[in-house]
Amino acid sequence: MVILEMEAADRSDAAAQLARRMYEQGRIDNLEAFLEQVNAREHQMATGLPGGIGMPHARSEHVVQTSIAVGITRYGHSIDFGASDGPATVILLIATPAGAFSEHLEVLATLARSLFRPAFRESLRRANDAEVISELINSSLVFFDH
C-alpha cells in the first residue's frame with residue numbers, strides 16, 4: 001500500500017488517498033468513518049515528525065487488520081503535517097483496531113525510532129519502488145511481536 005509521486009492538497013487529502021488503498025485491500029471496512037477518526041486525531045495534535053515525516057494515525061473499530069500505507073511525495077511537493085521543521089515528503093498512515101491500544105503505541109514508537117534515523121528516511125525517499133518501501137517499513141518492524 002504505497003503511493004509513489006503523491007500529490008495532495010493537504011494532510012486530509014493525503015490521509016484520504018492512503019486510506020483508500022487500505023480500503024481497497026480490505027484493511028478497513030468503512031472509509032468515511034475511518035477518515036473522520038483520522039482527521040479528529042489530527043486536530044487533537046499535529047502528527048508531523050522532524051525530518052519531513054507525516055504520521056497520521058488512528059485506532060478504529062473500522063480497522064480489520066493493523067496496517068501502514070506509505071506516500072512518497074512527488075519531487076518538489078510537500079504536505080504540512082505541523083512539524084516544527086517544515087512540511088512532509090514521506091507520509092505513513094497507521095491504522096490499528098480499536099481494542100489494540102498497546103499494539104498501536106508499539107507500532108508508532110517502533111516506526112518513530114526508525115524514522116528519526118536520517119539514513120532510514122533517505123532510504124524511503126530514494127527507493128522509487130513500492131516493494132522496496134514495503135520491505136524497509138516491514139524490516140523496521142521486524143522485532144515487533146505482531
Side-chain angles (χ1 to χ4, degrees), residues 1-6 8 10-73 78-146:
M1 294 179 289
V2 175
I3 299 175
L4 299 172
E5 302 288 316
M6 176 185 255
D10 56 25
R11 65 179 94 174
S12 294
D13 182 31
Q17 290 181 42
L18 293 169
R20 198 168 300 113
R21 292 285 174 105
M22 290 180 177
Y23 181 75
E24 291 166 356
Q25 294 294 316
R27 304 296 183 95
I28 56 177
D29 62 21
N30 185 322
L31 180 60
E32 292 77 22
F34 174 70
L35 281 170
E36 284 178 22
Q37 292 166 323
V38 170
N39 289 327
R41 170 63 189 84
E42 194 69 31
H43 289 306
Q44 288 175 349
M45 178 184 284
T47 56
L49 298 177
I53 304 297
M55 203 159 70
H57 56 276
R59 286 183 304 116
S60 171
E61 65 275 8
H62 301 293
V63 175
V64 175
Q65 175 184 352
T66 296
S67 302
I68 301 167
V70 181
I72 308 296
T73 63
S78 58
I79 303 159
D80 182 14
F81 274 87
S84 59
D85 67 341
T89 55
V90 176
I91 298 90
L92 295 96
L93 175 62
I94 301 164
T96 50
F101 185 74
S102 61
E103 180 179 10
H104 183 74
L105 292 178
E106 187 65 33
V107 169
L108 287 174
T110 303
L111 274 175
R113 278 193 296 274
S114 293
L115 290 164
F116 277 114
R117 294 193 337 260
F120 184 77
R121 292 192 308 265
E122 280 308 305
S123 294
L124 287 174
R125 283 190 188 97
R126 294 173 189 257
N128 289 326
D129 181 289
E131 278 189 45
V132 171
I133 291 168
S134 294
E135 283 299 314
L136 285 166
I137 296 297
N138 288 335
S139 69
S140 77
L141 297 172
V142 73
F143 297 113
F144 172 64
D145 184 23
H146 292 63

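Side-chain atoms are counted along with the backbone in the values below, which use heavy atoms only and exclude waters and symmetry mates. Just so it is clear, the structure is predicted and the values come from calculations on it, not from any experiment.
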| request: List the steps and the verdict of side chain to side chain contact (heavy atoms under 4.5 Å, CB included) for Ile133 and Leu4. | output: CA-CA 10 Å; Ile133 291 168; Leu4 299 172; 3.4 Å; yes
| When you look at Ile94 and Met55, which way does the side chain to side chain contact (heavy atoms under 4.5 Å, CB included) test go after all the steps? | CA-CA 7 Å; Ile94 301 164; Met55 203 159 70; 3.6 Å; yes
| field | Donor-acceptor contact present, side-chain Arg21 to main-chain Val2, <3.5 Å | value | yes
| said: Closer than 3.5 angstrom, by distance alone: can the side chain of Arg121 be matched with the main-chain N or O of Leu115 as a donor-acceptor pair? | reply: yes
| request: Test side chain to side chain contact (heavy atoms under 4.5 Å, CB included) on Met22 and Val63 and set out the steps. | output: CA-CA 9 Å; Met22 290 180 177; Val63 175; over 6 Å; no
| query | Got a donor-acceptor contact below 3.5 angstrom from the Arg11 side chain to the Asp80 backbone? | reply | yes
| query | Is the backbone of Ile137 close enough, under 3.5 Å, to the side chain of Ser140 for a donor and an acceptor to pair up by distance? | reply | yes
| remark: Shortest non-hydrogen pair, Thr73 vs Ala88, comes out as CG2-O, 4.0 Å
| task | Test His57 against Thr47 for side chain to side chain contact (heavy atoms under 4.5 Å, CB included), laying out the working first. | result | CA-CA 8 Å; His57 56 276; Thr47 56; 3.7 Å; yes
| Between Gln37 and Ser60, does any side-chain donor sit less than 3.5 Å from a side-chain acceptor? | yes
| field | Heavy-atom donor-acceptor pair, Ser12 side chain to Asp10 backbone, under 3.5 Å | value | no
| note | Partner of Thr66 under side-chain hydrogen bond (donor to acceptor under 3.5 Å, both in side chains), picked from His104, Glu103, Arg27, is Glu103
